Amino acid sequence: MTDALVSGGTALLPRVEFDAARCKGCGLCIEACPEHIVEFEHVFNQRGVQPAHLVHDGLAQCTACGNCAVVCPDSAVEVENRKKPLKYGRNPLRVGDTHYCPGCDEGTVHELLAEVIDELGIREVTVGVASVGCTVFAYRYIDIDWHQAAHGRATSVAWGIECQHPELRVFTLQGDGDLAGIGIGETIHAAARGDPTVVVFLNNGIYGMTGGQMAPTTLLGQKTTTSPAGRTARLQGSPIVMTEIMAAQAGCSFAVRTSVHDAPAIRRTKKYLRQAFLNQEKNRSLSVVEILSACPSGWKLEPVDAHQYLVKEMFPIYKPGVIKEPPGGMPR
Ligand SMILES: Cc1ncc(C[n+]2csc(CCOP(=O)(O)OP(=O)(O)O)c2C)c(N)n1
Ligand code: SF4
Ligand code: SF4
């Protein structure tokens, strides 16, 4: 690991590496560490932020839970439990620094997708369809084949690939403006047809890339650049709950809503993504994994506050959990 601060010298202690150059200083690892042994350094890195590192002598208290590595949206932490052995963070498919804002959840979803594709051994047959929005550069970060779709058209592009190459495993990565706004027609028709696509739906309740405009998923009362007084049901309509709508279509065989706001949620989301790819192989119909995603920049909140907002304000409207079980049920 380049520019890495390496801690841990003996075989019994965990190995914990913080990549100072990669860190964008969001502080999520500091929040996630149950032993409180992660802090910001006093010096600045090339990105102009104070990167996270382990406190002096922190390794002696480290339990190798891996939470810091699991929550890092930028693959900047690696933890190895040398007793088990177990490793967290960094996998062979994840490449490059991401452009996402500090604390943005979209990078964490890349990590999970890369891990699942790697662990299922489907790298050579998987094609991602990147959409327009903050995930537009997804093809730079996961080393598989990609296709770029125009705004809202990702499921249609996926269907085109699937028609020509039924042997391939195709997934889309779409924001809520993309999937529920301009692409709402394409999305519902894909669910009705039962395309064998894994739809990964990042719902941050806002148009992030273009500067925080109101999306179909914006909460009532939420202030955005195009609803400065807060969204009202009368004027702009109520938030659209897309995953329930997709689940209601006969061709959708697995629908779930989840989040990546803390380490247990990240682990659950990985399980759901894995299930979606397994469902794709077994049932050849549409799976949707909606991931509630913090947008600290668009919401004008600090990363940790953004996750609190997500739990307090988004969960009551967008309830996490399995909406439609896959045929045969969820593995316990
Ligand atoms: C046809 C078309 N209309 C509008 C745009 C401008 N545009 C680019 S990104 C975007 C919003 C993306 O929001 P979302 O899908 O929620 O993704 P996020 O950026 O929040 O991840 C819009 C409207 C475009 N690129 N193409
Ligand atoms: S979670 Fe990652 S990017 Fe954020 S402060 Fe920690 S190491 Fe840096
Ligand atoms: S604008 Fe929002 S969604 Fe886009 S990268 Fe920044 S935090 Fe993430």
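Counting starts at 1 for both ligands and their atoms, following the listed order. Treat the numbers as computed from the prediction; the structure is a model and nothing was measured.
Atom CD1 of residue Ile142 and atom NE2 of residue His110 lie 6.0 Å apart, to the nearest 0.5 angstrom. Of the inter-residue distances, the one linking Tyr100 atom OH with Thr108 atom OG1 reads 10.0 Å to the nearest 0.5 angstrom.
At a heavy-atom cutoff of 4.0 Å, ligand 1 is contacted by the side chain of Glu106 but not by its backbone. Proximity of His151 to ligand 1, defined as any heavy-atom pair under 4.0 Å, is confined to the side chain (atoms from C-beta onward). Contacts of Leu202 with ligand 1, taken as heavy-atom pairs under 4.0 Å, are absent altogether. Only the backbone of Ile206 comes within contact range of ligand 1, with a heavy atom under 4.0 Å; no side-chain atom does. Contact annotation: for Thr210 versus ligand 1, heavy atoms closer than 4.0 Å belong to the side chain alone.
Remark: Asp178 does not engage Arg153 in a salt bridge, criterion side-chain N to carboxylate O under 4.0 Å. Salt bridge Glu111/Arg90: absent, no basic N to carboxylate O contact under 4.0 Å.
No single ILVMFWY cluster, assembled from side-chain heavy atoms under 4.5 Å apart, contains both Ile182 and Val288. Residues Val109 and Tyr207 fall into different hydrophobic clusters, defined by Ile, Leu, Val, Met, Phe, Trp and Tyr side chains chained together at heavy-atom separations under 4.5 Å. Cluster annotation: Tyr139 is connected to Val116 through the hydrophobic network of ILVMFWY side chains, with a link wherever side-chain heavy atoms come within less than 4.5 Å.
Below 4.0 Å from some heavy atom of Met209 lie the following atoms of ligand 1, by number and element: 9 (S), 19 (O). Set against the non-hydrogen atoms of Lys24, the atoms of ligand 2 under 4.0 Å away are 3 (S), 8 (Fe). Contact atoms of ligand 1 toward Val132: 8 (C), 9 (S), 15 (O), 25 (N) (distance under 4.0 Å to a heavy atom of the residue). The ligand atoms of ligand 1 that sit less than 4.0 angstrom from a heavy atom of Gly177 are 14 (P), 15 (O), 16 (O). Counting the atoms of ligand 2 from 1 in the order shown, those under 4.0 Å from a heavy atom of Gly27 are 4 (Fe), 5 (S). Atom numbering of ligand 1 starts at 1 in the shown order; those under 4.0 Å from a heavy atom of Asp176 are 15 (O), 16 (O). Below 4.0 Å from some heavy atom of Gly208 lie the following atoms of ligand 1, by number and element: 18 (P), 19 (O), 20 (O). Listed by number with element, the atoms of ligand 2 under 4.0 angstrom from any heavy atom of Val77 are 7 (S). The atoms of ligand 2 that sit less than 4.0 Å from any heavy atom of Cys29 are 1 (S), 5 (S), 6 (Fe), 7 (S). Applying the 4.0 Å criterion to heavy atoms of Ile182 picks out, from ligand 1, the atoms 1 (C). Of all atoms in ligand 1, listed by their number and element, those nearer than 4.0 Å to a heavy atom of Gly133 are 9 (S), 12 (C), 17 (O), 19 (O).
Under a 3.5 Å cut-off, the side chain of Asp105 and the backbone N or O of Cys295 do not form any donor-acceptor pair. Between the side chain of Gln148 and the backbone N or O of Ser131 there is at least one donor-acceptor pair closer than 3.5 Å. Between the side chain of Gln222 and the main chain of Leu219, a donor-acceptor pair closer than 3.5 Å is present.
Side-chain contact between Thr218 and Gln213 is absent, with no heavy-atom pair separated by less than 4.5 Å. Looking at Ser297 and Cys101, their side chains come closer than 4.5 Å, going by heavy atoms from C-beta outward. Proximity of Thr258 to Leu292: side-chain heavy atoms (C-beta onward) are nowhere separated by under 4.5 Å. Proximity of Ile240 to Thr217: side-chain heavy atoms (C-beta onward) are nowhere separated by under 4.5 Å.
Residue side and main chain included, Cys68 places no N/O/S atom under 2.8 Å of atom 6 (Fe) of ligand 2.
Closest to atom 15 (O) of ligand 1, if we only count protein heavy atoms, is Asp178 N, 2.8 Å. For atom 4 (Fe) of ligand 2, the closest heavy atom belonging to the protein is Cys26 SG, 2.3 Å. In terms of protein heavy atoms, atom 2 (Fe) of ligand 2 is closest to Cys72 SG, 2.3 Å. In terms of protein heavy-atom proximity, atom 13 (O) of ligand 1 is nearest to Tyr207 CA, 3.6 Å. Distance from atom 3 (S) of ligand 3 to its nearest protein heavy atom, with residue and atom name: Asn204 ND2, 3.4 Å. Nearest protein heavy-atom contact of atom 8 (Fe) of ligand 2 is Cys23 SG, 2.3 Å.
Looking at Ser297, Gly175, Gly183, Cys134 and measuring to atom 18 (P) of ligand 1, the nearest heavy atom belongs to Cys134.
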Give the intermediate values and the outcome of salt bridge (charged side-chain N to carboxylate O under 4.0 Å, His left out) for residues Arg284 and Glu162. CA-CA 10 Å; Arg284 302 301 294 163; Glu162 284 151 0; over 6 Å; no
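Environment of NZ in Lys223: sparse, with no more than 12 heavy atoms of neighbouring residues, nucleotides or ligands closer than 6.0 Å.
A donor and an acceptor atom, one from each side chain of Thr98 and Asp74, are located under 3.5 Å apart.
The ring-ring contact (aromatic ring centres under 6.0 Å, His included) pairs that include a residue from residues 236-285 are Phe171-Phe277, His261-Phe315, where partners are two or more places apart or lie in different chains.
Counting only protein N, O or S atoms, 1 lie closer than 2.8 Å to atom 6 (Fe) of ligand 3.
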